[in-house]
Every structure is written in structure tokens, then in C-alpha cells.
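Below you'll find the structure, written out as C-alpha cells, and then a few comments.
Not measured: the values here are computed from a predicted model. Values below: every heavy atom of this structure, side chains too, minus hydrogens, waters and symmetry copies.
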Number of protein chains: 2
Amino acid sequence: MTKGSDPYSVLPVAKAMQVFAYVASQAHDVTLTEVVQALGMPKTTVFRYLQTLSAAGLFAHDIVQDRYGVGERFRELARTDAIYHSLRSTAQGELDGLVGGFRETVNLAVLADDEVVYVDIREATRSQRFQARIGHRHPVHSTSLGKAMAAFLPAETVERLVRPEYEQRTYRTLTDARTFRRHVEEARRRGFAMETGENEDGVTCIGVPILDGKGYPIAAVSLSAPDNRMKAMVDRAAGALQDAARRITASLPPISLHV
Amino acid sequence: MTKGSDPYSVLPVAKAMQVFAYVASQAHDVTLTEVVQALGMPKTTVFRYLQTLSAAGLFAHDIVQDRYGVGERFRELARTDAIYHSLRSTAQGELDGLVGGFRETVNLAVLADDEVVYVDIREATRSQRFQARIGHRHPVHSTSLGKAMAAFLPAETVERLVRPEYEQRTYRTLTDARTFRRHVEEARRRGFAMETGENEDGVTCIGVPILDGKGYPIAAVSLSAPDNRMKAMVDRAAGALQDAARRITASLPPISLHV
DNA sequence: GTGCCGTGTTTCGCTTTACGAAATAAGCGA
DNA sequence: TCGCTTATTTCGTAAAGCGAAACACGGCAC
């Protein structure tokens, strides 16, 4: 019954997840005995799991009624996942289209902890020597993705991204706040950000933000190519990226991560 | 760090929930080592949790990329909770209004496993002898709540609720399918269901369905009062219930539980 | 008031079993 | 091909999860 044939299954965790699933699927807040009767586990065991899950914030324990329900922390995680899941799945086709149309590498990234985090990467060529990997992080100031998002962030947030200790990734990396602000300003005006050899020698990137329903830059898409190849297609690339970003925005759920 | 000061905290569960929270909050699918580095836990431990959570369906393990992400089962639970949470919180004020206006007991219930499950109950009087409790279940055929929901269910689902073994709760409880269908039919025509002493002697109930965005009866509200008191206010009660249900429907999220 | 359920909480001793270091395997890039 | 990184497996130990049973608590009934 509770057995997980997997040899690596941790029993307490597996059983606690049964409790979790039961509570989350009920329309009402549940009592200890109700869970015990529904799942056929010993009272003490269920009691401990309910306590543990409440302590973790996933459940909320209504002391006066002695009932357990799903907690706000769980809902927050669920919202975050829903947005990111939607972002990735709706971006899917657009990324494919871009890489097919330009035969260059396409990136999807979000902003987390004031860094650019790569979420999806489609590489046109096999040579992925210097390519980022999913989950890798790059500074905001050295990437077109970062500058594209910064361009649609509230001013005070942008100021926070202006670090005194700018990481110098290449000899072209922006190293002063003034230039960074100017680039961001220009990105906002043009609707796309550019970066030429500032993150990686010989590679030019064009980045466009993906705005959520509230106009907040939840993510960004970019096309990166060797300087010489990119030079010939800046306008066409920027336009294609903007179209893609618009379509992704349109099919995003109406909820927002930010307030 | 991982300590749960609670004496009843189950450590494996608490730590697994840290892993859970980390994975759910990332925009990208994660690798084992990424979680290890982020949370500072031993590799083997995290590995086991990832396996366990994947086996439970909360995570999805992308074998080819060896990456873990949130699974569909989690999203399903999250959707269910979001709907029920929204239902309860938006119903809150309406239930208060109804109990304040009529000074009689007001119920909120959903349909689960072909039974009526009480989700919220506001009692006007102290005497709660025969009142239902949150989480308790009653048959569909003996309650106004059940008949109200059945009235807006697809025909084939209603047929499933027609049980040969109708539980006879009082001498008035409907015991044959023909009469049940007639009551449901009448409820659909009038927009509210009635039940007089069929679930509990001397008590009359009026029930109204709460429809979701798709027109599916996700829940129902009812007012219950002693037969004599109810007789004088049937129309007024039905109207008030319908207004409340309409308003609850209006503030429900646009997602649906059903297909 | 008194006593009996049906709750939730606490204790406690016994193993079970989770743990994590280290060894192994598997990929992948150079 | 080698060497690095990452995932998996093994294994012995000791921690700690387990659940029966005892306890506390509150509400209802009589």
C-alpha cells in the first residue's frame, strides 16, 4: 500500500506526500482523525506529518478548530510554478520558430536574485563551447537579456542592479553605472537591447523582454550570433524577437508574480 | 539550519519540503547537484528526496537531461486547491449575509465522490444537535444541496447518482429514481431545489447551485430552517440564495475543475 | 454534576531505516 | 584516449521514526 518499490524511496516522505495530496484535494479543512480514517495510517504518524507540513508552511493549522488546510506558502509556490510553467510551454514554439528562422542560438531567461537565469536554450550549431546552460547565471549588466528586462523595470529596481563591483567578463563589458544606465535607456527607447562582445568575445546578442499582464518584465528572449553574422540582420532579428515576445505575453496567464 | 524546533517534526519530511520548495520556485528544471549546492545537503540525501518526490508524481524526472521539475500531479492539486480556496473565501461574506438576513442555518457544500460534502456551515442557533459538520457527507438524493447541483449536471452524471440502494434517512426520503429525477427536473426549472424533511425530520432546506465559468455546478448554498418557519419565506430565501450564488460565481477564477 | 465518549497530545522503548562517506559507473568535452 | 563532472550504488552505523498505549481535554448526555 504505502510501499514505494523504488529502492531509494524515503518512506516518511512518501507517506507524508499521501497526506499532502489528501489534504490538498479536499474542499474543506480536515481534522487529524479524518485523515487517519481516509488513509488508514496510524494516528501518531499522521499527526507528526501534519505538524511537520504545518511547520514548513505548506499547511495552515487552524488552532481553534484543530483543522488543517493548505497554507499560503504552498499557494505561493503553486503560483510561481504556474507562471514559469506557462512561460516555458508557451515560449516553446516561439523559440523553435526563431532558431529555425535564423539558424542561430536562442535563449530564454528570467530575472532571479538580480541575476539573469537561463531557462531554455536552443542551439543552432553543435559548437556549444561558450554557451550558457539551463540554470546558469549571468550578470544583468553584461547581457542583452538583462538589459532588456532592466529597461522595463521600475527605476528603483534598476538602481539596485547598478553594482559598484561590475564583473568584467570581457574587455568590452560595461564597468560603470553611467554607461549601463544609458544602455538601459536606449533599450527602452528602441524596444530591444543589444550587447556586442560584452559577455563573450566575438558574440553579439539582441534581447527583448517578455512582459506579463501588468507590464512587468517576467522574462526575456535573445538571439545570439557571431558579430559579423549578426551585423547583417539586426533589424530583422529585433523584429522577430519582438513579435515572439508579444505572442508569448498574450498567452501568459493573467496572474503576476510581482505584487 | 534544518532544525525544526517542533518536537514532532519528522526530519526527512521537513528536509524534503526544502527540496520541494527550491525546485518549485525555480523557473527552470534543476539538476541534482544544483539542489545540493543551493541547499547544502548531502548528495545522497537530496538524490533520495528527488526520487521519492518523483515517484509520488509531485516532480517529473526528465531522464534524458537528468533534470527534475514540478510534475503534473502537483499542478492538479494546486488547481484544485486554488478553486476551493477561492470558493470558500468569496463565499465567506455571502454566507454571513444570508445568516444575518434570515437567522437560520446556512450551508456551503461541494460534490465529491457522488456525495454532498459540507465545506462551510453557519449556524444561527446554538442547538446544533442534528446539524452537519464540516467534512461530513450526505447523500445527493436526500439534500436540497445535492438536488440543486444535480439539476445542472450533465444527464449521464445524474443517472449515476440514481442509486438503487437509496438510503432512507427519514420516512420522507425519496426512494425511487423516478421521483428523484422529477425533483431534479423541477429544481432546474425553478432555479432552486427544495427538500422538506427528507434528510432530517422537521427541517426544510432550499438549495441553489454555484456554477463555475463553464456552467458546471461546483458547489451549492442552502438555507435550512424548521418546516413552519421556512414555509413563510420560501420565495424570499430562494431569491437571496440565487443572488448570493450569482455573486460567488462572478468572483470565481476562470479555471474549472472539470475537463 | 458526573461520567462517558471522541478528540488530540505525549511518552517510551524498539528496531527500523534514513543517512552519508566512499566507491562505482556513466557522460561528455578536450 | 584521458580526465573531469555528475549521477548511482553499496554498506555499516547510529540516529530517529514508529506506533501502542497512556494521558489530557472537552463536549454531550444522562
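- A donor-acceptor pair shorter than 3.5 Å cannot be found between the side chains of B/Thr143 and B/Asn199.
- Rounded to an integer number of Å, the gap from B/Arg67 CZ to D/dT6 P is 11 Å.
- The backbone N or O of A/His61 sits nowhere less than 3.5 Å from a side-chain atom of A/Arg67 that would complete a donor-acceptor pair.
- Applying the ring-ring contact (aromatic ring centres under 6.0 Å, His included) test to every pair with at least one member in residues 32-56 of chain B, sequence neighbours left out, gives these pairs: A/Tyr8-B/Phe47.
- With a 4.5 Å cut-off on side-chain heavy atoms, B/His138 and B/Glu200 do not count as touching.
- Of the side-chain N and O atoms in A/Thr31, none sit less than 4.0 angstrom from OP1 or OP2 of C/dT7.
- Residue A/Asp66 contributes atom CG, which lies 6 Å from atom P of C/dG8 at whole-angstrom precision.
- By the side chain to side chain contact (heavy atoms under 4.5 Å, CB included) test, A/Thr52 pairs with B/Ser9, B/Val10, B/Val13, B/Ala14, sequence neighbours left out.
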Kindly give the atom pairs (protein nitrogen or oxygen, nucleotide nitrogen or oxygen) under 3.5 Å for nucleotides 15-22 of chain C.
from: C/dC19; atom 1: OP1; to: B/Lys15; atom 2: NZ; distance (Å): 3.2
from: C/dC19; atom 1: OP1; to: B/Tyr49; atom 2: OH; distance (Å): 2.9
from: C/dC19; atom 1: OP2; to: B/Tyr49; atom 2: OH; distance (Å): 3.3
from: C/dG20; atom 1: OP2; to: B/Thr45; atom 2: OG1; distance (Å): 2.3
from: C/dG20; atom 1: N7; to: B/Arg48; atom 2: NH2; distance (Å): 2.5
from: C/dG20; atom 1: O6; to: B/Arg48; atom 2: NH1; distance (Å): 3.2
from: C/dA21; atom 1: N6; to: B/Thr44; atom 2: OG1; distance (Å): 3.2

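- For the pair B/Gln37 CD and D/dT6 P, the computed distance is 7 Å after rounding to whole Å.
- At a cut-off of 3.5 Å, with distance as the only test, a side-chain donor of A/His28 or A/Glu34 sits close to an acceptor on the other residue.
- Close to C/dT9, at under 4.0 Å from its OP1 or OP2, lies no side-chain N or O of B/Tyr8.
- B/Gln51 places its CD atom 8 Å from the P atom of D/dT9, with the value rounded to the nearest Å.
- Between the side chain of B/Ser54 and the backbone N or O of B/Leu50, at least one donor-acceptor pair lies under 3.5 Å.
- When rounded to the nearest whole Å, the span between CZ of A/Arg133 and P of D/dT6 equals 11 Å.
- Interatomic distance, CG of A/Leu32 versus CG of A/Asp66, reported as 8.0 Å (0.5 Å rounding).
- Looking at B/Lys43, its side chain never comes within 3.5 Å of a backbone N or O of B/Val36 through a donor-acceptor pair.
- Atom-to-atom, CG of A/Leu50 to C1' of C/dT9 comes out at 13 Å; the value is rounded to the nearest Å.
- Whole-Å rounding puts the A/Glu123 CD to C/dG29 C1' distance at 14 Å.
- Within the structure, ring-ring contact (aromatic ring centres under 6.0 Å, His included) contacts touching residues 73-95 of chain A (residues at least two apart or in different chains) are A/Phe20-A/Phe74, A/Phe74-B/Phe74.
- Each end of the helix from C/dG1-D/dC30 to C/dA30-D/dT1 yields a helix axis from five base pairs, and these two axes differ in direction by 40° (to the nearest 10 degrees).
- Considering every non-hydrogen atom in both B/Arg75 and B/Glu72, the closest pair reads NH1-OE2, 2.8 Å.
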Expected rows: protein N/O vs nucleotides 24-27 of chain C N/O, under 3.5 Å:
none

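- For B/Phe47 and D/dT5, the CZ to P distance is 20 Å, given to the nearest whole Å.
- Note on B/Thr33: a side-chain N or O is less than 4.0 Å away from OP1 or OP2 of D/dA7.
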